[in-house]
Protein chains: 2
Amino acid sequence: MTDEQWTPPVVLLAVDLVILTLRESRLQILLVERGIEPYKGALALPGGFLQHSEESLIAAAHRELSEEADIDVATLTLEHLGVYGDPGRDPRGRVVSVAYLAIAPWLPEPTAGTDAANAEWQAVDRVLSGELELAFDHRRIVADGVERARVKLEHSALATAFCGPTFTITDLQEVYEAVWGIRLDPRNFYRKVQKTDGFIVAAGSERKSATGRPARLFKAGPRKVLYPPMVRPTELSTQKEQQ
Amino acid sequence: MTDEQWTPPVVLLAVDLVILTLRESRLQILLVERGIEPYKGALALPGGFLQHSEESLIAAAHRELSEEADIDVATLTLEHLGVYGDPGRDPRGRVVSVAYLAIAPWLPEPTAGTDAANAEWQAVDRVLSGELELAFDHRRIVADGVERARVKLEHSALATAFCGPTFTITDLQEVYEAVWGIRLDPRNFYRKVQKTDGFIVAAGSERKSATGRPARLFKAGPRKVLYPPMVRPTELSTQKEQQ
DNA sequence: CAAATAGTGTCTGTCAGACAGTATTGA
DNA sequence: TCAATACTGTCTGACAGACACTATTTG
């Protein structure tokens with residue numbers, strides 16, 4: 001805190017949303033086509049400025065989500081992801097953006113005739129690889145969000161949030177495979193997930209597949225923090241050194 | 001984004017700093033006594049407003065750190081901790097605060113005759129227990145920072161940052177015990193830390209204690225991300241008795 | 001010698017990876 | 001019957017917790 005004569009700098013506060021879902025066994029992200037400058041016509045994360053002084057950050061995030069993507073807010077849990085506030089990241093001035101992450105089992109196609117008409121799902125791979133260009137520093141935000149999701153999958157029951165209300169163990173395995181980007185042994189996965197107490201509970205019925213033995217259905221259990229965690233095999237070979 | 005006539009709300013952007021260190025085998029945090037209203041005279045985290053529009057958040061954090069605590073910035077690594085921006089958290093208006101976390105091996109007493117004269121170290125326990133009252137929502141920020149430090153201790157070589165340039169394995173164990181708030185078996189800790197490749201390397205000399213066999217000295221190894229991680233014992237990991 | 005701290009060896013239970021084998025369906 | 005998917009049993013190696021034991025110092 002400095003002296004009384006000093007006046008604070010003008011800062012614009014925005015929220016950006018990383019909305020992930022699983023479609024066609026691939027991790028996908030919700031993007032919008034920008035309708036105004038800067039970066040008009042480019043793809044970007046849903047988001048926007050805080051609307052008024054009394055609006056909380058999370059409320060702004062929820063508002064943008066329903067405005068731009070026509071998504072039922074109640075079904076999603078938004079989690080703080082990070083702050084992106086470097087000077088120069090936005091040509092309109094000093095914009096500090098707070099990013100939120102949400103993960104959902106299933107989300108509808110963008111609805112024509114609404115603000116969300118220009119929203120679309122894209123495979124996360126295409127963003128991370130650079131095949132799709134994003135406005136501002138949004139690619140970096142996406143990368144942070146995906147890494148967060150991968151870590152959360154290990155230590156929380158998040159994976160069930162990607163599934164519907166009931167699911168088979170194979171469904172759940174496909175979530176891990178899609179988010180982690182690797183293949184898992186179905187037999188070992190089956191045992192592991194069954195013995196992680198409170199992770200999933202039997203739903204009592206079965207689902208027939210096109211061919212083969214019907215699979216038992218499960219639903220999400222009460223446990224939100226997994227012990228022991230689901231370990232991501234890629235860590236075994238990771239020799240990265242970073243701070 | 002809304003129409004062109006709309007003007008963005010005024011938001012004040014601040015940084016707050018959670019500076020942790022180990023003193024007398026206890027986890028301690030740097031606090032300052034506020035010199036101005038609101039909460040004049042109360043204890044608070046070091047921090048303050050962004051000074052001008054072109055100042056980056058991390059630069060503001062570094063500036064506050066040197067102004068308020070007279071700490072050499074180069075020795076510390078600041079890490080983004082979170083954003084605290086609820087309306088009403090500051091009576092002066094809408095203040096959004098970005099919190100940073102730093103962890104240091106050893107830090108000097110606050111220097112008299114500087115801006116840092118009213119800075120002081122306090123045991124984290126006393127803050128978390130509510131014995132010490134903090135201004136604003138700073139107790140919550142401290143809790144988040146301590147939990148972050150505990151998790152980082154598991155997966156990174158952070159613990160060596162709490163020690164001096166060389167240390168014994170018992171020194172390192174005391175770091176884990178202080179931050180995690182639990183006791184560890186010294187024999188198992190010894191083996192575990194030795195076989196985590198790249199975590200610590202022998203420094204070649206020994207340190208005599210008041211009594212007992214001298215201990216070998218080590219220094220931080222090249223590895224920053226630990227595999228396998230140091231696992232924090234959980235109440236859930238208690239050994240099951242025979243059925 | 002005792003007391004104290006440093007460091008080693010080893011048993012045991014748990015668990016992940018590998019993979020052979022069994023169960024149940026539709027065609 | 002076969003093909004496909006769902007599930008079970010079991011071996012093995014790695015590792016954490018427990019703890020007896022040895023090593024080296026001061027007093």
Next item on the list: Using the ring pair (Phe, Tyr, Trp, His ring centres under 6.0 Å) rule, take A:F167 and A:F218 through it: C-alpha gap first, then chi angles, then the decisive distance, then the call.
Entry: CA-CA 5 Å; A:F167 48 86; A:F218 294 84; 7.2 Å; no

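For the atom pair CG of B:L217 and NZ of B:K219, the computed distance is 11.0 Å after rounding to the nearest 0.5 Å. Distance check, rounded to the nearest 0.5 Å: CD of A:E79 to OH of A:Y100 gives 10.5 Å.
Within residues 171-200 of chain B, the residues approached by DNA chain C to less than 4.0 Å at the level of any non-hydrogen atom are B:R187, B:Y190, B:R191, in residue-number order.
Between the CZ atom of A:R216 and the P atom of C:dA23 there is a distance of 15 Å, rounded to whole Å. Taking atom CZ on A:F167 and atom P on D:dA6, their separation rounds to 14 Å, with Å as the unit. Following rounding to the nearest Å, B:R213 (CZ) and D:dT25 (C1') show an atom-to-atom distance of 9 Å. Distance CD1 (B:I169) to C1' (D:dT24): 16 Å, rounded to an integer number of Å.
Identified under the salt bridge (Lys or Arg N to Asp or Glu O under 4.0 Å) test for residues 172-188 of chain B, with sequence neighbours left out: B:E177-B:R183, B:D185-B:R187.
No engagement by A:T168 is indicated, since no non-hydrogen atom pair under 4.0 Å with the nucleic acid exists.
No donor-acceptor distance shorter than 3.5 angstrom exists from the side chain of B:E64 to the backbone of B:L17, with no hydrogens or angles considered.
Heavy-atom minimum distance, B:R139 versus B:L128: NH2-O, 3.1 Å.
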